[in-house]
Amino acid sequence: MQLPDLLINSLEGTKGFDKDAFINVHANPESITSIRINPLKWSKQEATTYSRLATPDSLPWSQYGYYLKERPSFTFDPLFHAGCYYVQEASSMFLEQALKQTVDLSKPIKILDLCAAPGGKSTHIQSLISKESVLVSNEVIKSRANILKDNIIKWGTDNVVVTNNDPKDFAKLENYFDVIVVDAPCSGSGLFRRDEEAIDEWSINNVALCCQRQQRILADVWPALKKDGLLIYSTCSYSRQEDEEILDWVNTEFSVGSLQLTVDTSWNITETISATGMHGYRFWPYNVKGEGLFISCFKK
Ligand code: SAM
């Protein structure tokens with residue numbers, strides 16, 4: 001796997017970045033498979049007897065996440081088709097901590113998952129919110145919205161609405177949502193181990209384009225968030241322009257407070273502080289059993 005030199009050079013000085021470890025972890029990519037169980041259809045007790053689990057213990061930052069011993073052929077597993085579990089990358093499940101630590105999930109809330117297809121974060125949110133809450137799960141690309149709809153139906157809760165809108169359409173719902181999750185489209189360097197073709201598509205120019213698009217998406221949806229509402233921003237990019245620099249941009253453009261999360265030191269997640277003092281959490285694949293992720297929480 002030939003990593004772009006420009007990416008490696010651009011990461012120098014980023015907290016937690018270790019050039020040799022980064023190159024190594026991509027040179028010998030470990031195949032990590034994880035699933036997140038659907039508590040509505042599969043009890044933890046039943047799931048822990050599932051012979052494919054690596055250990056009976058759940059993933060450290062999600063009560064519903066488990067590593068598998070190896071990647072099976074999910075197509076042949078009726079439990080997969082029945083929506084008993086969702087195959088999801090382990091780092092992404094950290095969203096659970098972000099939500100649990102910053103929102104009272106026992107209360108009815110209105111939550112928007114703005115960039116939701118194929119549905120990893122939306123199905124996770126469904127398992128965390130109360131029955132009285134409502135999730136709007138949105139995807140702007142029509143073909144992807146259909147996949148999202150199928151996955152949402154398979155998950156089986158009824159307090160979800162799937163929409164196929166542009167982020168700017170949500171501005172009309174002024175001060176409406178208690179929580180907005182923006183799992184932004186990004187340059188995708190965090191998933192290079194899983195998708196080697198993404199390396200060919202990576203360029204400094206694309207990082208800059210993604211950064212502009214991320215700003216546009218956040219600005220478009222901002223009016224829909226209530227005062228004191230929570231915004232969770234995440235990417236699967238390592239580039240500071242799409243991570244800490246976006247936090248700084250949000251901090252300069254809008255009136256926000258950064259929320260710090262409690263992270264167990266044994267999880268090996270790197271907490272970063274942006275130039276304007278915003279907290280972010282980086283998942284480096286040589287420190288965690290998962291892929292690259294960046295996540296941050298703001299209060300409006
Ligand atoms: N949250 C999803 C999950 O956990 O399964 C993954 C989301 S993926 C990182 C980003 C999504 O943003 C893609 O589905 C993509 O189609 C969508 N997207 C692309 N351009 C967009 C735009 N301009 N505004 C909003 N969403 C966009």
Side-chain angles (χ1 to χ4, degrees), residues 34-36 38 59 61-62 64-65 74 80 83 85-99 111-129 135-155 160 162-171 173 177 179-192 194-195 198 201-202 206-225 231-239 242-243 246 283 290-297:
S34 43
I35 58 167
R36 184 174 36 73
N38 183 349
L59 229 126
W61 44 81
S62 167
Y64 300 125
F74 291 110
F80 170 72
Y85 62 83
Y86 189 96
V87 184
Q88 190 178 23
E89 195 285 301
S91 305
S92 318
M93 297 185 212
F94 187 77
L95 172 70
E96 184 171 321
Q97 291 299 321
L99 280 170
I111 175 163
L112 168 66
D113 185 7
L114 185 66
C115 313
K121 300 219 170 38
S122 275
T123 51
H124 197 175
I125 293 166
Q126 285 177 74
S127 303
L128 298 169
I129 58 176
L135 166 67
V136 176
S137 181
N138 179 68
E139 169 57 43
V140 68
I141 298 175
K142 175 83 178 162
S143 56
R144 290 178 61 81
N146 285 331
I147 298 167
L148 172 67
K149 185 186 74 180
D150 289 348
N151 283 330
I152 295 286
I153 290 172
K154 212 161 48 162
W155 208 248
V160 188
V162 175
T163 55
N164 171 216
N165 283 78
D166 190 277
K168 69 175 177 315
D169 297 336
F170 288 94
L173 293 171
F177 291 102
V179 181
I180 297 182
V181 177
V182 177
D183 188 26
C186 68
S187 61
S189 45
L191 298 181
F192 279 174
R194 301 198 146 200
D195 178 11
E201 284 159 31
W202 189 93
N206 193 31
V207 170
L209 285 173
C210 287
C211 165
Q212 283 169 7
R213 186 168 51 183
Q214 287 146 1
Q215 292 178 359
R216 199 168 59 237
I217 290 173
L218 288 164
D220 283 347
V221 81
W222 190 251
L225 186 63
L231 182 101
I232 301 180
Y233 173 77
S234 61
T235 73
C236 57
S237 163
Y238 297 113
S239 297
E242 297 176 74
D243 297 340
I246 288 287
F283 290 63
E291 305 307 316
L293 175 86
F294 177 82
I295 189 162
S296 175
C297 308

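For ligands, and for the atoms within them, numbers begin at 1 and follow the listed sequence. Note that the structure is predicted; figures quoted are calculated from it, not measured. Nothing fancy with the numbering, it's 1 onward along the sequence.
- In the vicinity of Arg144, heavy-atom distances shorter than 4.0 Å reach the ligand 1 atoms 13 (C), 14 (O), 15 (C), 16 (O).
- For Arg36 (side chain) and Gln88 (main-chain N/O), no donor-acceptor pair under 3.5 Å exists by modelled atom type.
- For ligand 1 and Glu139, the ligand atoms under 4.0 Å from any heavy atom of the residue are 11 (C), 13 (C), 14 (O), 15 (C), 16 (O), 17 (C).
- Listed by number with element, the atoms of ligand 1 under 4.0 Å from a non-hydrogen atom of Pro118 are 5 (O).
- The shortest N/O to N/O separation between Tyr86 and ligand 1 does not fall below 3.5 Å.
- Of the protein's heavy atoms, Val140 CG1, 3.5 Å lies nearest to atom 27 (C) of ligand 1.
- Nearest to atom 24 (N) of ligand 1 by heavy atom, out of Ile217, Asn165, Asn151, is Ile217.
- Under 4.0 Å from ligand 1, not a single heavy atom of Arg216 appears.
- Nearest non-hydrogen protein atom to atom 18 (N) of ligand 1 is Pro185 CG, 3.7 Å.
- Of the polar atoms of Gly119, at least one N or O is found under 3.5 Å from an N or O of ligand 1, judged by distance alone.
- Looking at Ser92 against ligand 1, nothing comes within 4.0 Å, counting heavy atoms.
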**Asked** Should Glu96 and Trp61 be marked as a side-chain contact (heavy atoms from CB on, under 4.5 Å) after you check the CA-CA gap, both sets of side-chain angles, and the distance that decides it?
**Response** CA-CA 7 Å; Glu96 184 171 321; Trp61 44 81; over 6 Å; no
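- Remark: Asp243 pairs with Arg282 by the salt bridge (charged side-chain N to carboxylate O under 4.0 Å, His left out) rule, at least two apart or across chains.
- Here the heavy atom of the protein found nearest to atom 6 (C) of ligand 1 is Ala117 O, 3.1 Å.
- The protein atom (non-hydrogen) at minimum distance from atom 1 (N) of ligand 1 is Asp183 OD2, 2.7 Å.
- The ligand atoms of ligand 1 that sit less than 4.0 angstrom from a heavy atom of Pro167 are 24 (N), 25 (C).
- Side chains of Gln214 and Thr235: a donor-acceptor N/O pair is absent below 3.5 angstrom, by distance only.
- Close N/O approach between Lys121 and ligand 1 is found [any backbone or side-chain N/O within under 3.5 Å].
- Under a 4.0 Å N-O distance rule, the pair Asp113/Lys121 does not qualify as a salt bridge.
- Residues passing the salt bridge (charged side-chain N to carboxylate O under 4.0 Å, His left out) test with Arg194, sequence neighbours excluded: Glu291.
- Checked against a 3.5 angstrom limit, the closest N/O atoms of Ala184 and ligand 1 fall outside it.
- Ranking protein heavy atoms by distance to atom 5 (O) of ligand 1, first place goes to Gly120 N, 2.9 Å.
- Pairing each heavy atom of Met93 with each of Gly65, the nearest pair is SD-CA, 3.6 Å.
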**Request:** Starting from the C-alpha separation in whole Å, work towards a yes-or-no answer on side-chain contact (heavy atoms from CB on, under 4.5 Å) for Ile153 and Val162.
**Result:** CA-CA 10 Å; Ile153 290 172; Val162 175; over 6 Å; no
**Request:** Evaluate the side-chain contact (heavy atoms from CB on, under 4.5 Å) criterion for residues Leu95 and Ser234: first the C-alpha distance (whole Å), next the side-chain angles of each, then the deciding distance (0.1 Å), finally the verdict.
**Result:** CA-CA 9 Å; Leu95 172 70; Ser234 61; over 6 Å; no
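- For ligand 1, the polar-atom distance check finds no N/O of Gln88 at less than 3.5 Å from any of the ligand's N/O atoms.
- Here the protein heavy atom with the shortest distance to atom 11 (C) of ligand 1 is Cys115 CB, 3.7 Å.
- Ring orientation note: the planes of His124 and Tyr64 are nearly perpendicular, at an angle over 60° on the 30°/60° scale.
- A pairwise comparison of heavy atoms in Asn164 and Asn138 identifies N-OD1, 3.6 Å as the closest pair.
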**Item:** CA sep, side-chain torsions, deciding dist, call: Ile35, Phe74, side-chain contact (heavy atoms from CB on, under 4.5 Å)
**Value:** CA-CA 11 Å; Ile35 58 167; Phe74 291 110; 4.3 Å; yes
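- Atom 23 (N) of ligand 1 has as its closest protein heavy atom Arg213 CD, 3.7 Å.
- Listed by number with element, the atoms of ligand 1 under 4.0 angstrom from any heavy atom of Ile141 are 16 (O).
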